[in-house]
Amino acid sequence: QVQLVESGGGLVQAGGSLRLSCADSGRTFRSSYAMGWFRQPPGKEREFVAVMNWSGRNTDYADSVKGRFTISRDNAKMTIYLQMNSLKAEDTAVYYCASRWDGGSRRVNDYDYWGQGTQVTVSS
């Protein structure tokens, strides 16, 4: 069974940077396997942030983070990352990683596995 564990959240000043990690305990992957990041601001629904196929050939970003956030992976460590630069107060949220077997998607309900979440707080 695939299990995801997020880490790297914390408090950062506006304009600063933070890198989130998500470790995957799974041992079998297909080329269509995808891992993504979602976030849930206080009082709001969970929303799409970024996704990457395990091959690394395809990525997708929400317009709100494009040019500031970068998704990447480390195959040896079975880990994906979200590098967040030029952080804004509106980036404050609980960040979740998620995975699915059949390609990348922006839709929450398409994902098969979820982590527990890590809090990111951006102060001004």
Side-chain angles (χ1 to χ4, degrees):
Q1 183 120 20
V2 174
Q3 187 169 358
L4 307 176
V5 180
E6 302 99 335
S7 63
L11 177 65
V12 64
Q13 281 275 353
S17 298
L18 202 63
R19 188 178 73 162
L20 305 183
S21 301
C22 178
D24 190 344
S25 64
R27 295 291 182 270
T28 303
F29 300 95
R30 306 190 297 221
S31 60
S32 60
Y33 185 66
M35 297 184 69
W37 290 96
F38 291 78
R39 67 188 183 186
Q40 188 164 11
K44 295 184 177 182
E45 295 292 320
R46 197 167 299 183
E47 65 185 25
F48 170 76
V49 176
V51 66
M52 167 179 276
N53 288 346
W54 196 245
S55 66
R57 294 189 180 98
N58 300 104
T59 59
D60 190 25
Y61 296 90
D63 289 343
S64 59
V65 307
K66 199 170 296 181
R68 299 189 298 121
F69 291 9
T70 303
I71 189 170
S72 62
R73 80 208 191 284
D74 186 324
N75 294 58
K77 295 181 179 180
M78 305 293 289
T79 299
I80 61 163
Y81 304 94
L82 186 68
Q83 179 65 47
M84 305 185 293
N85 298 326
S86 302
L87 283 162
K88 306 173 180 179
E90 52 262 44
D91 295 318
T92 295
V94 177
Y95 283 70
Y96 298 88
C97 64
S99 67
R100 66 191 303 266
W101 287 112
D102 297 321
S105 173
R106 294 185 170 201
R107 292 156 54 180
V108 169
N109 290 342
D110 284 348
Y111 284 78
D112 301 304
Y113 306 98
W114 290 88
Q116 298 298 310
T118 185
Q119 177 71 48
V120 172
T121 302
V122 183
S123 65
S124 59

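Computed from a prediction, not measured in an experiment: that's the story for all the values here. Computed from heavy atoms alone, side chains included, the values below leave out hydrogens, waters and symmetry copies.
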query = For Met84 and Val120, what are the C-alpha separation, side-chain angles and deciding distance, and is it a side-chain contact (heavy atoms from CB on, under 4.5 Å)?
reply = CA-CA 10 Å; Met84 305 185 293; Val120 172; 4.0 Å; yes
request  = Would you check, one step at a time, whether the test side-chain contact (heavy atoms from CB on, under 4.5 Å) holds for Glu6 with Ser21?
outcome  = CA-CA 6 Å; Glu6 302 99 335; Ser21 301; over 6 Å; no
Test log, rule side-chain contact (heavy atoms from CB on, under 4.5 Å), inputs Phe69 and Val49 = CA-CA 9 Å; Phe69 291 9; Val49 176; 3.8 Å; yes
key: Stepwise side-chain contact (heavy atoms from CB on, under 4.5 Å) test for Val65 and Arg39   = CA-CA 11 Å; Val65 307; Arg39 67 188 183 186; 3.9 Å; yes
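Gln13 CD to Ser123 OG: the interatomic distance, rounded to the nearest 0.5 Å, is 4.0 Å. Note that CH2 of Trp37 and CD1 of Ile71 are 8.0 Å apart. Values are rounded to the nearest 0.5 Å. Note that CG of Leu82 and CE of Met52 are 10.5 Å apart. Values are rounded to the nearest 0.5 Å. Atom CZ of residue Arg19 and atom OG of residue Ser72 lie 7.0 Å apart, to the nearest 0.5 angstrom. Tyr95 contributes atom OH, which lies 15.0 Å from atom OG of Ser7 (distance to the nearest 0.5 angstrom). Atom OG in Ser99 sits 4.5 Å away from atom CG in Leu4 (nearest 0.5 Å).
Here the side chain of Thr92 pairs a donor or acceptor atom with the backbone of Val122 at under 3.5 angstrom. Under the 3.5 Å distance criterion, the side-chain polar atoms of Arg100 are matched with a main-chain donor or acceptor of Asp102. Within the 3.5 Å criterion, the main-chain N or O of Gly103 finds no donor-acceptor partner in the side chain of Ser32. Side chain of Ser17 to backbone of Asn85: no donor-acceptor contact under 3.5 angstrom is found.
Residues Thr118 and Leu20 come closest through the heavy atom pair CG2-CD2, 4.1 Å. The minimum heavy-atom distance between Ala14 and Ser124, with the atom names listed, is CB-CA, 4.4 Å. Shown here for Pro41 and Ala93, the closest heavy-atom pair between the two residues is N-CB, 3.6 Å.
Around the CD atom of Glu90, the shell of radius 6.0 Å holds more than 12 heavy atoms that belong to other residues, nucleotides or ligands. Other residues, nucleotides and ligands place no more than 12 heavy atoms under 6.0 Å from the CD atom of Gln116. More than 12 heavy atoms of other shown residues, nucleotides or ligands fall within 6.0 angstrom of atom NZ in Lys66.
Two residues are said to be in side-chain contact when any heavy atoms from C-beta on lie closer than 4.5 Å; Thr121 and Val12 fail this criterion.
Annotation for Tyr96: hydrophobic cluster partners, listed by chain and number, are Phe38, Phe48, Val51, Val94, Val108, Tyr111, Trp114 (ILVMFWY side-chain heavy atoms under 4.5 Å, direct or chained). Clustering of Ile, Leu, Val, Met, Phe, Trp and Tyr side chains at separations under 4.5 Å leaves Tyr81 isolated, with no partner residue.
Partners of Arg68 by salt bridge (charged side-chain N to carboxylate O under 4.0 Å, His left out), not counting sequence neighbours, listed by chain and number: Asp91.
Side-chain contact check for Tyr33 and Asp24: at least one donor-acceptor pair (N or O, by modelled atom type) lies under 3.5 Å. Using modelled atom types and a 3.5 Å distance limit, the side chains of Asp74 and Thr79 yield no donor-acceptor pair.
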